[in-house]
Structure formats: C-alpha cells, structure tokens
Amino acid sequence: MDPKDWIDITEESFNYKLEHFNIPMHYQEDVSSILIPHGLILDRIEKLAKMIISQYNDRLVVCCVLKGGHQFFADLVNFLKNFTNKEGKNLPIALDFIRVKSYENESSTGTVNISMTEKELAGLKGKDVLIVEDIIDTGRTMVALLEHLKSYELKSVKVASLFIKKTPLSNGFIPDYVGFSVPNLFIVGYCLDYNDHFRDLNHVCAISETGRIKYMNES
Ligand code: HPA
Ligand code: MG
C-alpha cells in the first residue's frame with residue numbers, strides 16, 4: 001500500500017487527553033495519552049475490509065497472527081462478511097491462526113517462533129491467504145513468516161497490518177493493507193501488549209513511565 005493511502009498518526013496531531021475518554025481504572029496511571037480512540041480504529045477497519053474484498057473473487061483464508069492480531073482480526077472478519085466484491089458477491093471466508101512471538105519488554109528478541117504444524121501449512125497450498133497482523137515494527141517477524149510460507153505453494157499471500165511504526169530500525173517491509181502509521185513509541189491497547197498487559201484496553205495509547213516500570217519483566 002502506498003503511504004498516502006493510510007492515516008498518519010503523529011505525536012503532535014493525535015494526542016487525546018485521558019480524561020476525555022473512558023480508560024479502565026486499573027490502567028489510569030499506566031498510559032500517558034490516547035493516540036487512537038477505539039471508534040476511529042473501527043471506522044478505519046471497515047474501510048480496509050471494503051478495499052480487501054474488492055480485490056478477491058474466491059474463497060479467502062484469513063490468517064490471524066496471535067496474540068496481538070486477534071482484535072483486529074475479529075473486527076476485520078466481521079466487516080469482510082458484510083462487503084461484496086466487484087461482482088457483487090460475498091466471499092466465503094476461512095479462518096486460521098498462527099502464533100508468532102518475538103517481543104520481550106519493548107524489544108524484538110530476534111528469534112521468531114512460528115507455531116504451525118507441517119500439516120496445517122501444507123493445507124494452505126493453492127489458497128488465497130491474507131495474513132492479519134497488529135503492527136509492523138522492524139518488519140523482521142513478518143519477513144521471516146513470509147519466507148517460511150514460500151515453500152508451501154499458496155495461490156497468493158497478502159498482509160494486512162493495522163499499524164506500521166515509523167522506526168529507523170525498519171527493514172523496509174510494507175504490508176499490502178495498512179490502517180495507520182504510528183510514531184516511534186511503544187504503543188498498547190486494542191490487543192497490543194506490553195508483556196501481555198493492556199490487551200484489554202480499547203484505545204491505542206502511549207505507555208507511561210509508571211506503566212513501563214509496573215509491568216516490566218525481570219528476566
Ligand atoms: N506495541 C506493542 N507490541 C509491539 C510494538 C508496540 O509498539 N511494536 C512491536 N510489537
Ligand atoms: Mg505482534
């Protein structure tokens with residue numbers, strides 16, 4: 001996707017006050033600002049779904065990258081079911097799940113662990129697959145996953161990521177569909193986590209120093 005086709009979130013322009021939205025009590029101290037309110041996220045996903053459906057004409061396998069991609073995946077699939085393609089057809093959608101883990105605290109550990117059996121991967125042969133990810137940061141996880149999928153002869157593979165981070169550490173990977181680009185901050189909420197915390201926060205927020213320390217992993 002061309003950068004002009006996604007929403008660019010900057011620290012200056014999108015910085016909502018916490019008191020203007022509902023934040024669960026248990027996270028009040030742990031986030032410093034709201035970058036993207038939940039409603040805006042949903043509106044954007046609706047548009048992505050419409051674009052995606054218009055570019056397929058056959059059964060689509062939507063593959064969720066767990067755990068972070070789960071909320072985006074759930075909302076995206078709901079919208080995908082409601083839109084029709086260029087020929088006015090609803091498309092059959094199959095759901096698949098893959099667990100990929102590479103983050104500890106705020107950094108990529110460098111090792112990408114992919115949990116799909118040979119049999120499951122072989123089952124993707126000849127299919128149109130859409131991989132659904134929460135965020136592209138360095139891009140390493142996604143490039144490793146796509147490399148891994150190469151030998152399984154999928155009919156097509158595309159990537160939808162709700163966020164892409166503007167980081168100098170990027171390897172240049174750009175997904176086929178992007179919701180928002182976000183500043184080079186560690187963000188949480190809408191299923192994006194910090195050591196498995198904050199997935200239950202609806203809005204996408206910047207983590208505060210208090211939150212960073214409270215939920216830091218020791219090891
Ligand atoms: N937040 C949560 N998970 C992530 C991020 C982030 O900013 N970047 C990569 N994984
Ligand atoms: Mg992730």
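Residue numbers count from 1 along this sequence. Order of listing sets the numbers, starting from 1, for every ligand and every atom in it.
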- Task: Using a strict 4.0 Å threshold on nitrogen-to-oxygen distance, state whether K89 and E87 make a salt bridge.
- Result: yes

- Message: Please classify the I187 to ligand 1 contact at 4.0 Å (heavy-atom distances, strictly less than): side chain, backbone, both or neither.
- Response: both

- Query: Charged N to carboxylate O below 4.0 Å: is that the case for D193 and K67?
  - Reply: no

- Message: Can you tell me if D193 contacts ligand 1 (heavy atom of the residue under 4.0 Å from the ligand)?
- Response: yes

- Message: Checking side chain to side chain contact (heavy atoms under 4.5 Å, CB included) between F180 and each of L40, I164, I135, which is the one that passes?
- Response: L40

- Ring-ring centroid check F97 F73, cutoff 6.0 Å: yes

- Give the numbers and elements of all ligand 1 atoms closer than 4.0 Å to a heavy atom of D137. 5 (C), 8 (N), 9 (C)

- Message: Please work out, at 4.0 Å between heavy atoms, whether the side chain, the backbone, both, or neither of L185 comes within that distance of ligand 1.
- Response: backbone

